[in-house]
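Read the structure below first, then the notes.
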Amino acid sequence: MPELPDVETFRRYLSATSLHKKIKAVNILSPEILEQISVPQLKEGLKGKYFETTLRHGKYLCVLLDSSKCLVMHFGMTGFLKYFMKAEKEPPHERLLISFTNRYHLAYDCQRKLGKITLVDDFNQFIQDKNLGPDALSSDLDFNTFKEAIIQRRASIKAVLMNQKVIAGVGNIYSDEILFQAQIHPKIPGEQLGDKQLRRLFLVLEKVLETAIDHQANPEKFPQSYITRHRGSKGKCPKCKRQLKKTKISGRTAYYCANCQKI
DNA sequence: CCTATAGCCTGACGGC
DNA sequence: TGCCGTCAGGCTATAG
């Protein structure tokens, strides 16, 4: 699930449900997902504290505490958040459970445990340490930065878009969608894109991510003109109705329309 | 430095 | 029905 639009949706969800409530208890059901921090350290860092603000960079969500520490969450392939009170609303693969004094809980659920959680002093430092590129929707990413980052890569444009060190936030699904909307073939090397394609790509990148956020990153709500709606081996191109092609790029399954994405 | 690949982890699905 | 291989919206370490 979790690419930039999903994580942005989680961020808004957490902001709407879990701010300014006292943390009463912390349960770490799967310690394997902790990074650079021990179980007691995380418990100690959260207990009795309040969540104050949320931030996001790429696929990372940061929750600032009143202690000025920062809870950082990454959602892997299967992570999500759930705020609930009654036990029957509890999600099935809880890895971290935060309980507030109002009797509600915030669960971090991650079936495959490919997500990570940590607690840091400085989110910007964390971003630097991870070598993340600019967030795909931040104002730091202007056209020239984007262009320079892309045209010095020999890798396929899909791989470049998914490289978090180049731009942070785009993954397998949205790279397909962006390239489809920009009518660019996913296997073209970044260095072979011309100014015209790059401009189109840059505009479409922001447009697609914003549209996805507007629909809570729920593909069922996306426009019919989105390839994501038709993803799958039987899918047809929403533009020309031809059978979509499926291929492997950078170890990931890519769908595209050979007719509409020629360059 | 760059790029491509295997491995991590769990569960759902299709074919035999 | 049961088993097995494959695959999945991610990242990292490693090899070339």
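Order of the sequence lines fixes the chain letters, A, B, ..., with proteins taken first and strands second; residue numbering starts at 1 for each chain.
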Practice item. Return no unless some side-chain N or O of A:Arg153 is found under 4.0 Å from OP1 or OP2 of B:dT3. Key: yes
Review point. Please give, in whole Å, the distance from C:dC11 C1' to A:Ile33 CD1?
Key: 15 Å
Exercise for review: Step through it carefully: locate the ring centre of A:Tyr104, locate the ring centre of A:Tyr83, and say whether they are under 6.0 Å apart.
Suggested key: yes
Point to revise | Ring-ring centroid check A:His20 A:Tyr50, cutoff 6.0 Å | key: no
Exercise for review: Output the single nucleotide from C:dC11, C:dG9, B:dT10 whose closest atom is nearest the side chain of A:Tyr60.
Suggested key: C:dC11
**Study point:** Nearest listed nucleotide, side chain of A:Lys130, among B:dT10, C:dC11, C:dT12
**Key:** C:dT12
Check your understanding: When all nucleic acid strands are considered with a 4.0 Å heavy-atom cut-off, which category describes A:Lys248: base, sugar-phosphate, or nothing?
Key -> sugar-phosphate
Practice item. Please work out if A:Lys59 contacts a base, only the sugar-phosphate, or nothing of the nucleic acid, heavy-atom cut-off 4.0 Å. Key: sugar-phosphate
Rounded distance in Å between the [atom1] positions of [N] and [M]:
N	M	atom1	answer
B:dG11	C:dT12	C1'	23 Å
B:dC9	C:dC3	P	23 Å
B:dT3	C:dG9	P	23 Å

Exercise for review: Please confirm whether A:Lys82 makes a cation-pi placement over A:Tyr13, using NZ or CZ under 6.0 Å from the six-membered ring centre and within 45° of the ring normal.
Suggested key: no
Exercise for review: Let me know, please, whether A:Gln164 or A:Tyr255 comes out on the 5' side of the other along DNA chain C by nearest nucleotide.
Suggested key: A:Tyr255
**Study point:** Atom CD of A:Gln125 with >12 non-hydrogen neighbours under 6.0 angstrom
**Key:** yes
